[in-house]
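Down below is the structure, laid out as structure tokens.
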Amino acid sequence: MRVTLLSSAQDLSAADWQSLETDDDPFISREFLGAAEQTGAASEDLGWRPMHLALRDDGDRLAVVLPLYRRSHSFGDFSHDWSWAPAWQQAGLNYYPKLVTGVPFTPSPGPRLLARAGAEAAIGPDLIAAALELTTELKASSWQCLFVREADRAALESADLLFRRGVQFHWLNRGYRDFADYLGTFTSDKRNKLKRERRAVREAGLRIEARHGDEIDAPLWAAIHRHYRDTFIRHENHPAFSLDFFQRVGTGLKRRMVVFIAWQGDKPVASAIGYRNQTTLYGRHWGTDIDCPGLHFDLCYYSGIEYAIAHGLSRFEPGAQGEHKLARGFEPVPTWSAFWIADARMRQVLANYLAREGEAMQDYQAELARHLPYKTA
């Protein structure tokens, strides 16, 4: 295998990307990653230096790709490792740079070791070995493969990486005919509360519709971006994605991008940005110009569930965190991230910590599951 480093996802042709097994994941795509890098959200100036690993075979055919970024901080990768840097410093070591395989500002489980369709399974170890060699060469503290899917987990475990367990809240479609059928599985008090929330939005005179990326014009994109940007600023956070980013991704992903929009007359007053593939809807960002009780839940959760049912999607992942999602029927599920630690001492320290944390997260998930709104037999 010949190893090359790519300074942008756009360095690979569209044909090469299409040859990779990505499950049609919208985030692990040339369109999403390329737009994030080209519009500055995932740029070296902001602590994201793209160094995507690509392996080619003897015939110079692309065999496998590992999305990879050299990080100078941890903002935006959802690794939740803020306390680790001081621990490294106390040990007389530098925590940054670190190498991260993941999607900028997107804590969504998905494919990470991207092999060409039909390529041999043995390519996985070759790619992991290349990542470890690069970590050593760059004197990075670690290589972090974040939010991995089960198919990649086995290969990473075989390479003796440490695993970290997390919890997210996902909605699972159990063959519901429509939203009313779904609500029929709730206990009466939870069902009535949800109906009141939706009714408040309608009584406020708001109309909600879903539009795909190729159904949104420039003025509407400007309003959607304003909703997103102002929400981040109100919470004193950095809105990483620009208007140009959303326009590029909408044009590139087309129907793999979905935006739920609340209209007051002919004015878009709130929006929730999402993405999808053939099986899953992903909720990401939301914002609003108005204060309306229940609007956040309707726009970000209920409209997404309705869309997933109508389009035959099996899962809706509305983003990280949020125990309030339990009452809306989102179930706690485990997430997994893998870590290779360069320093042997810190590796042992972290292994002990992750083992204790993993047991606590397993107990936490079990406790959360007892608070779901569904009827019991």
Side-chain angles (χ1 to χ4, degrees), residues 47-48 51 53 64 66-104 106-113 121-168 320-321 332-369:
W48 295 84
M51 304 183 70
L53 269 172
V64 66
L66 181 76
L68 193 66
Y69 294 92
R70 182 183 185 274
R71 305 292 333 272
S72 57
H73 56 76
S74 293
F75 177 73
D77 61 30
F78 293 89
S79 57
H80 300 292
D81 62 352
W82 298 106
S83 64
W84 298 6
W88 256 251
Q89 187 175 14
Q90 289 177 7
L93 303 169
N94 292 322
Y95 188 62
Y96 301 107
K98 65 176 186 176
L99 297 185
V100 168
T101 293
V103 182
T106 309
S108 176
R112 297 295 181 257
L113 312 179
I123 289 177
D126 291 340
L127 186 61
I128 293 171
L132 301 187
E133 183 177 347
L134 182 63
T135 305
T136 301
E137 180 183 330
L138 296 177
K139 295 181 171 59
S141 69
S142 56
W143 168 46
Q144 306 180 0
C145 199
L146 305 177
F147 301 100
V148 303
R149 61 178 181 174
E150 286 297 322
D152 293 330
R153 185 178 164 191
L156 295 165
E157 284 181 329
S158 297
D160 205 26
L161 272 72
L162 302 177
F163 271 81
R164 188 177 198 181
R165 184 182 186 129
V167 173
Q168 288 186 0
Q321 304 172 343
V333 300
T335 63
W336 299 98
S337 294
F339 300 83
W340 184 79
I341 308 301
D343 184 84
R345 294 175 302 158
M346 298 309 295
R347 175 184 172 82
Q348 187 57 53
V349 169
L350 193 59
N352 295 336
Y353 169 76
L354 293 180
R356 295 192 303 271
E357 184 189 55
E359 292 176 358
M361 293 302 293
Q362 189 170 9
D363 292 342
Y364 173 64
Q365 181 184 337
E367 174 60 26
L368 289 173

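Residues: numbered from 1 along the sequence shown. The structure displayed is predicted, hence computed values, not measured ones.
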Quick one: pull up CG in Leu53 and CG in Leu113 and give me the separation to the nearest 0.5 Å.
11.0 Å
Side chain to side chain contact (heavy atoms under 4.5 Å, CB included) between Leu156 and Val148, worked out
CA-CA 9 Å; Leu156 295 165; Val148 303; 3.7 Å; yes
For residues Trp82 and Ser74, is any side-chain donor paired with an opposing acceptor at under 3.5 Å?
no
What is the minimum heavy-atom distance between Lys98 and Ser79, and which atoms define it?
NZ-OG, 3.1 Å
Once you round to the nearest 0.5 Å, how far does CH2 of Trp84 lie from CZ of Phe339?
4.0 Å
How would you list, by chain and number, every residue that makes a side-chain contact (heavy atoms from CB on, under 4.5 Å) with Ala342, sequence neighbours excluded?
Trp340
Determine yes or no for a side-chain-to-main-chain donor-acceptor pair under 3.5 angstrom, with Ser72 supplying the side chain and Pro97 the backbone.
no
Are side-chain heavy atoms of Leu162 and Ile341 found at a separation under 4.5 Å?
yes
Any side-chain heavy-atom pair from Arg165 and Trp336 closer than 4.5 angstrom?
yes
Minimum heavy-atom separation for Asn94 and Trp88, please, with both atom names.
O-CD1, 3.6 Å
Should the pair Arg71 and Trp48 be classed as cation-pi, given the thresholds of under 6.0 Å to the six-membered ring centre and 45° from the axis?
yes
Within the distance-only criterion (no hydrogens, no angle test), does the side chain of Thr101 pair as donor or acceptor with the backbone N or O of Leu68 below 3.5 angstrom?
no
Among pairs that include at least one residue of residues 150-163, which meet salt bridge (Lys or Arg N to Asp or Glu O under 4.0 Å), considering only residues two or more places apart or in two chains?
Arg149-Asp152, Glu150-Arg153, Arg153-Glu157, Asp160-Arg347
Could you tell me if Gln144 and Asp81 have a donor-acceptor pair between their side chains, going purely by distance under 3.5 Å?
yes
Residues 129-141 side chain polar contacts: donor-acceptor under 3.5 Å, at least two apart:
{"residue": "Thr135", "atom": "OG1", "partner": "Ala131", "partner atom": "O", "Å": "2.8"}
{"residue": "Thr136", "atom": "OG1", "partner": "Leu132", "partner atom": "O", "Å": "3.2"}
{"residue": "Ser141", "atom": "OG", "partner": "Tyr95", "partner atom": "O", "Å": "2.6"}

Atom pair OG/CG of Ser337 and Leu161 - distance to nearest 0.5 Å
11.0 Å
Identify the two heavy atoms, one from Ala320 and one from Gln168, that lie closest to each other, and give their separation to 0.1 Å.
CB-NE2, 4.3 Å
Distance check, rounded to the nearest 0.5 Å: His80 atom NE2 versus Glu357 atom CD?
9.5 Å
Decide yes or no for Tyr364 and Met361: does some side-chain heavy atom of the first lie under 4.5 Å from some side-chain heavy atom of the second?
yes
If you take all heavy atoms of Phe78 and Thr106, which pair is closest and at what distance?
CE1-N, 4.0 Å
Restricting to non-hydrogen atoms, name the atom on Thr335 and the atom on Val167 that form the minimum distance, rounded to 0.1 Å.
OG1-N, 3.8 Å
Minimum heavy-atom distance between Tyr69 and Gly102, given as atom pair plus value:
CE1-O, 3.7 Å
Verdict with supporting geometry, Phe147 and Val103, side chain to side chain contact (heavy atoms under 4.5 Å, CB included)
CA-CA 9 Å; Phe147 301 100; Val103 182; over 6 Å; no
